[in-house]
Amino acid sequence: MDFRSLALGLTFVIIWSSAFSAARIIVAEAPPLTISALRFAIAGAILVAIAWAQGQRIRLDRAGWRATVTFGVCQNALYLGLFFVAMQTVEASLATIMASTMPLIVGFASATLMGERIGTRGWAGLIAGFAGVLIIMSNRITGGVDPFGLALCIVGVTALAVATLSVRGASAGGNMLMVVGLQMWVGSAALIPFALWFEVPSIPWSPRLLAAFTYTLTMPGIVATVIWFALVGRIGATRAATYHFLNPFFGVAIASVVLGETLTVWDGVGVAVVMVGILAVQLSRAGVVKAETGARPETDVRPRPGRPGS
């Protein structure tokens, strides 16, 4: 792997992992569903404008629209919306770890429900990854974590995994930024009724809130998206996804530095085990794809209509 790909991958991981600390700051001052709907509406407008300037247009067939709506609802409204609600009571470090289990859930479902071969290393990675999550969860539950917030995280990451599996192999026909922008708008539209029903749609802007909101909007929402597509274009989606194994470490580290969240020895052990599990699963799946297609890793998988992120 060349240096530029490594730099892109590490930059993406750091930005993605920092999103949870920024979100924790946001939901401490603003209603989570209202601020999420606003964020998606603005980010969608920016991405659609960038895509339009690049010559991309809204050219989607029925399958493309289905994938766009599915990802918009599951990734933005359910996954990110529920995580924002959960982080009113759940620490950013735990939210990062829960979100990072998405590759494990996808790998397990692919192997058990869709007949994908992941090999011995893949199964060992799944067992290790879920064991690491159990170590962290048991330690946090003993320490008094909010069970409702934790349940929302589980539902949210499961929704993203289901969406990933349901639209696997779908293509955006070269209109990737346009599709992601439309997904943002779908997520915003899906959240607005719930924001109006459950929350007072008023945002008490402060310098701290504005800074965190601007960072979340621009960096994880837009910059990380562009970096992800650049990385996928250079090394392929399967190899790019291997960088997910770094998310737990950086997410926990950033939450500790920025928010002062306290970490225990068992948290550290669990994070290390989760990282090893995710890496093993992703490397195993990458090897299977390469063996079955006979293609180089750089060209074996087309970019999906959605992307990881927060």
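- Of all the heavy atoms in Trp205 and Leu38, the pair that sits closest is CZ2-CD2, 3.9 Å.
- Applying the salt bridge (charged side-chain N to carboxylate O under 4.0 Å, His left out) test to residues at least two apart or on different chains, the pairs with a partner in residues 202-230 are Glu29-Arg208.
- Under a 3.5 Å cut-off, the side chain of Thr214 and the backbone N or O of Leu210 do form a donor-acceptor pair.
- In Trp123, the CH2 atom is crowded: over 12 heavy atoms of neighbouring residues, nucleotides or ligands sit closer than 6.0 Å.
- Residues Phe83 and Cys153 meet the side-chain proximity criterion, which asks for heavy atoms closer than 4.5 Å.
- Rounded to the nearest 0.5 angstrom, Thr218 OG1 and Ile46 CD1 are separated by 8.0 Å.
- Using cut-offs of 30° and 60° for the angle between ring planes, the Phe130 and Phe108 rings count as perpendicular.
- Residues Ser17 and Phe250 approach most closely at OG-CB, 3.6 Å, considering heavy atoms.
- Between the CZ atom in Arg59 and the CE atom in Met178 there is a gap of 8.5 Å [rounded to 0.5 Å].
- Each of Ile278, Leu8, Ile235, Thr11 was compared with Tyr243 under the side-chain contact (heavy atoms from CB on, under 4.5 Å) criterion, and only Ile235 meets it.
- With Arg24 contributing its side chain and Val90 its backbone, the two residues share a donor-acceptor pair below 3.5 Å.
- Grouping the Ile, Leu, Val, Met, Phe, Trp and Tyr side chains by contacts below 4.5 angstrom, directly or via other members, places Ile50 with Leu231.
- Annotation: side chain of Met98 is in contact with side chain of Met137 (closest heavy-atom distance under 4.5 Å).
- Residues Val271 and Leu263 fail the side-chain proximity criterion, which asks for heavy atoms closer than 4.5 Å.
- Residue-environment remark: CZ (Arg4) stays at or below the threshold of 12 foreign heavy atoms within 6.0 Å.
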**Item:** side chain to side chain contact (heavy atoms under 4.5 Å, CB included) assessment of Phe229 paired with Val180
**Value:** CA-CA 11 Å; Phe229 291 143; Val180 174; 3.5 Å; yes

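- Only one option out of Ile203, Ile42, Ile25 pairs with Phe213 in a side-chain contact (heavy atoms from CB on, under 4.5 Å); it is Ile42.
- Taken from OG1 in Thr34 to CZ in Arg39, the straight-line distance is 14.5 Å, to the nearest 0.5 Å.
- Taking the side chain as every heavy atom from C-beta outward, Asn76 and Ser188 never approach each other to under 4.5 Å.
- Using a 4.5 Å heavy-atom threshold, the side chains of Gln282 and Pro103 count as touching.
- A donor-acceptor contact shorter than 3.5 Å is absent between the side chain of Thr101 and the backbone of Leu104.
- Of all non-hydrogen atoms in Thr96 and Gly251, the two that sit nearest each other are CG2-CA, 3.5 Å.
- Atom CG in Leu80 sits 12.0 Å away from atom CG in Leu33 (nearest 0.5 Å).
- Of all non-hydrogen atoms in Val274 and Val133, the two that sit nearest each other are CG2-N, 3.5 Å.
- In this model, a donor atom of one side chain and an acceptor atom of the other lie less than 3.5 Å apart for Thr264 and Asn139.
- Looking at heavy atoms from C-beta onward, Val155 lies out of side-chain contact with Leu78 at the 4.5 angstrom threshold.
- You'll find the side chain of Thr242 reaches within 4.5 Å of the side chain of Leu283, heavy atoms only.
- Surrounding CZ of Phe249 are at most 12 heavy atoms belonging to other residues, nucleotides or ligands under 6.0 Å away.
- Side chain to side chain, Asp146 and Thr89 meet the donor-acceptor criterion of an N or O pair below 3.5 Å.
- Without hydrogens or angle criteria, Glu261 side chain to Ala92 main chain gives a donor-acceptor distance under 3.5 Å.
- In this structure a side-chain-to-backbone donor-acceptor pair under 3.5 Å is present from Asn175 to Arg57.
- Side chain of Trp266 to main chain of Ile136: no donor-acceptor pair is present (N/O by atom type, distance under 3.5 Å, no hydrogens or angles).
- Summarising the geometry of Gly149 relative to Ala86, their closest heavy-atom pair is O-CB, 3.3 Å, with the distance given to 0.1 Å.
- Contact check for Val281 versus Phe245: no side-chain heavy atoms found under the 4.5 Å cut-off.
- Using the six-membered ring where Trp is involved, Phe20 and Trp16 have ring planes that are perpendicular, over 60° apart on the 30 and 60° scheme.
- When all heavy atoms of Ala37 and Ile192 are compared, the pair lying nearest together is CB-CG1, 4.0 Å.
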